[in-house]
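What you see is a predicted model; the values in this text were computed from it and never measured. Below, all heavy atoms of this structure are taken into account, side chains as well, without hydrogens, waters or symmetry copies. Within every chain, numbering begins at 1; the chains are lettered A, B, ... in the order of the sequence lines, protein sequences first and strands thereafter.
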Protein chains: 2
Amino acid sequence: MRSADLEEIRSLPLFRDMAPAHFAELTRGAYHQSFPPQVDLIVEGRPADFLHVITDGAVELFARWNGRETTMAVVRPVSTFILAACINDAPYLMSARTLVPSRVALIPGTDLRSVFARDPAFAQAIVRELAGSYRGVVRHAKNIKLRNSKERLAAFLIAECERNGRSRTFALPYEKRIIASYLGMTPENLSRALKQLREDGVTIDGATVDLADFDRLCAIALPGRLMDR
Amino acid sequence: MRSADLEEIRSLPLFRDMAPAHFAELTRGAYHQSFPPQVDLIVEGRPADFLHVITDGAVELFARWNGRETTMAVVRPVSTFILAACINDAPYLMSARTLVPSRVALIPGTDLRSVFARDPAFAQAIVRELAGSYRGVVRHAKNIKLRNSKERLAAFLIAECERNGRSRTFALPYEKRIIASYLGMTPENLSRALKQLREDGVTIDGATVDLADFDRLCAIALPGRLMDR
DNA sequence: CGAACCCTTGACTCCGCTCAACCACGGTGG
DNA sequence: CCACCGTGGTTGAGCGGAGTCAAGGGTTCG
């Protein structure tokens, strides 16, 4: 693994405070690989062999059942995913695939569990990471169960706007069908919902969005840290 | 706190392996209280002061937004809830209220965090508990997003059946309106869905359920450990 | 240039919600 | 003892949101 990559991973909250020897132990058996788009990194149901750390690109976490599919989250650098399955040595509950060309570090689950049992600082960091992930899914579930599709879309646009430094215009971060699936609707419906939001100052051209009336959107989505962080 | 209660709490996976002195430290500042039904134990948004351990009864975890409400889980003895908020010292994302007369032990969050930083075995247990909770919410979200209401209901009945030792008849564990909310539908709709399932061998009398054709239900719900544990 | 693929649009269907009435049950108080 | 009322559950009618199916346009890429 390149030392620049190591630095980057090392600087993550998850690894920042652990003993240097333990970090070396973790990364010794690790791979760091580049993947083209649309590669399946993880398929749900398989045993959790590796903790994944995305260092570049974007990865979709999704789930399948009975021929249907829904995206649960989109992970961006630099962060980890499917830590819970690794720690519990349990089968993955979600699949993962690259959305764009991406680089991912793979840390063997056995090493992870071994170091985790010996390094208190690392254990603490894992707890924080897990607690954060947990709260993320809770927010997602609340979002799905409490808001209707128009409200979810408005909330999503607000969140994206803030991710881009509250700039009034910005680009959608990935394909609309992914956004639709993440928001729990069909692509057709997302299209219609976007059109419907034109009355609220939202204009769309391809992937670029313009929010003319931020407050109006807020009145629809009523964003708050209990659901939108 | 009564010593029998202490024993019970101590035997939980979360506390089983920690140092005796640390366990004493945790429970020293703890309360153990009885509550009547319909008491709000936690209201979302408040800072997370206490880890809750339910030792008797049943507690509903739910969330509100804009006048709507949805139940996220029902917690039964003996287990803990809202660990994530406590560990992160963050506001609760969910509210909690007793469904029936219940006993709950309250462990101060400051003590929890303090011991957690010093006791590696405890930190490990917390990680396992958190990872388990995380996977629980992921399952819930998948359930909501991938199955329609009839399928969710069938899966719920199957799960309840197995909780009762696969007995063919059993009682619904709590009010139907709670079940409806948990399954992401209205009470009216639950009623209709139950009636609809009569063709599949489900008969309902008040709170008692009879499943004449388990396999038929399975064909609808397609249960699996990736969504129904 | 053709072939995918994504997005959009329209028409239609249907699942699930709303609103309203009604019933069963249990508790209360006259 | 019974009238009254509140609550939870059921049922029905009507509506609307969201999915499905099908077609067409725009882009990208081989």
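- The CD1 atom of A:Ile220 sits 13 Å away from the P atom of D:dG17 (whole-angstrom rounding).
- Non-hydrogen atoms lying under 4.0 Å from DNA chain D are contributed by nothing in residues 94-103 of chain A.
- Contact check on A:Glu69 versus B:Lys145 returns no salt bridge, with no Lys/Arg side-chain nitrogen under 4.0 Å from an Asp/Glu carboxylate oxygen.
- Judged as a salt bridge (Lys or Arg N to Asp or Glu O under 4.0 Å), the pairs with a partner in residues 167-184 of chain A (not counting sequence neighbours) are, in order, A:Arg168-A:Asp210, A:Glu175-A:Arg177.
- Annotation: B:Asp40, atom CG; neighbour count of heavy atoms from other residues, nucleotides and ligands within 6.0 Å is above 12.
- Between the P atom of D:dG19 and the NZ atom of B:Lys145 lies a distance of 11 Å, rounded to the nearest Å.
- A search for ring-ring contact (aromatic ring centres under 6.0 Å, His included) contacts involving A:Phe62 returns nothing, not counting sequence neighbours.
- Atom CZ of A:Arg68 is surrounded by more than 12 heavy atoms from other residues, nucleotides or ligands within 6.0 Å.
- The salt bridge (charged side-chain N to carboxylate O under 4.0 Å, His left out) check on A:Asp89 picks up A:Arg113, with sequence neighbours excluded.
- One finds a side-chain N or O of A:Lys195 lying less than 4.0 angstrom from the OP1 or OP2 phosphate oxygen of C:dT9.
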*Step by step, work out the side chain to side chain contact (heavy atoms under 4.5 Å, CB included) result for A:Phe214 and A:Ile158.*
CA-CA 8 Å; A:Phe214 192 81; A:Ile158 290 170; 3.8 Å; yes
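- The pair A:Arg2-A:Glu8 does not meet the salt-bridge criterion, since no charged nitrogen lies less than 4.0 angstrom from a carboxylate oxygen.
- For B:Ser95, there are no side chain to side chain donor-acceptor pair (under 3.5 Å) partners two or more places apart in sequence or in a different chain.
- Residues meeting the ring-ring contact (aromatic ring centres under 6.0 Å, His included) test with B:Tyr134, sequence neighbours left out: none.
- Between the P atom of C:dT9 and the CG atom of A:Leu190 lies a distance of 12 Å, rounded to the nearest Å.
- Scanning both residues, B:Ala90 and B:Ala48, for their nearest heavy atoms gives O-CB, 3.2 Å.
- Atom CZ in B:Arg198 sits roughly 11 Å away from atom P in D:dT10 (whole-Å rounding).
- Residues that satisfy the side chain to side chain donor-acceptor pair (under 3.5 Å) test with B:Arg103, not counting sequence neighbours, are B:Asp5, B:Ser34.
- When all heavy atoms of B:Phe81 and B:Ile42 are compared, the pair lying nearest together is CE1-CD1, 4.0 Å.
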What N/O pairs connect the protein and nucleotides 13-23 of chain C at under 3.5 Å? Give each pair on its own line.
unit_1, atom_1, unit_2, atom_2, d
C:dG16, OP1, B:Ser149, N, 2.9
C:dG16, OP1, B:Ser149, OG, 3.1
C:dG16, OP2, B:Ser149, OG, 2.7
C:dC17, OP2, B:Thr186, N, 3.4
C:dC17, OP2, B:Thr186, OG1, 3.3
C:dC17, OP2, B:Asn189, ND2, 2.5
C:dT18, O4, B:Arg192, NH2, 3.1
C:dC19, N4, B:Glu188, OE2, 3.3

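- Salt bridge status for B:Glu160 with B:Arg163: present, with a side-chain N to carboxylate O gap under 4.0 Å.
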*What string of B, S and - do you get for nucleotides 23-30 of chain D 5' to 3' if you count protein non-hydrogen atoms under 4.0 Å?*
--------
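- Every residue two or more places apart in sequence or in another chain was checked for a side chain to side chain donor-acceptor pair (under 3.5 Å) with A:Arg229, and none qualifies.
- Each end of the helix from C:dC1-D:dG30 to C:dG30-D:dC1 gets its own rotation axis from five pairs of C1' atoms, and the angle between them is 30° to the nearest 10 degrees.
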At a cut-off of 3.5 Å, list every protein nitrogen or oxygen paired with a nitrogen or oxygen from nucleotides 4-7 of chain C, distance to 0.1 Å.
unit_1, atom_1, unit_2, atom_2, d
C:dC6, OP1, A:Arg177, NH1, 3.2
C:dC7, OP1, A:Lys176, N, 2.6
C:dC7, OP2, A:Arg177, N, 3.1
C:dC7, O3', A:Lys176, NZ, 3.4

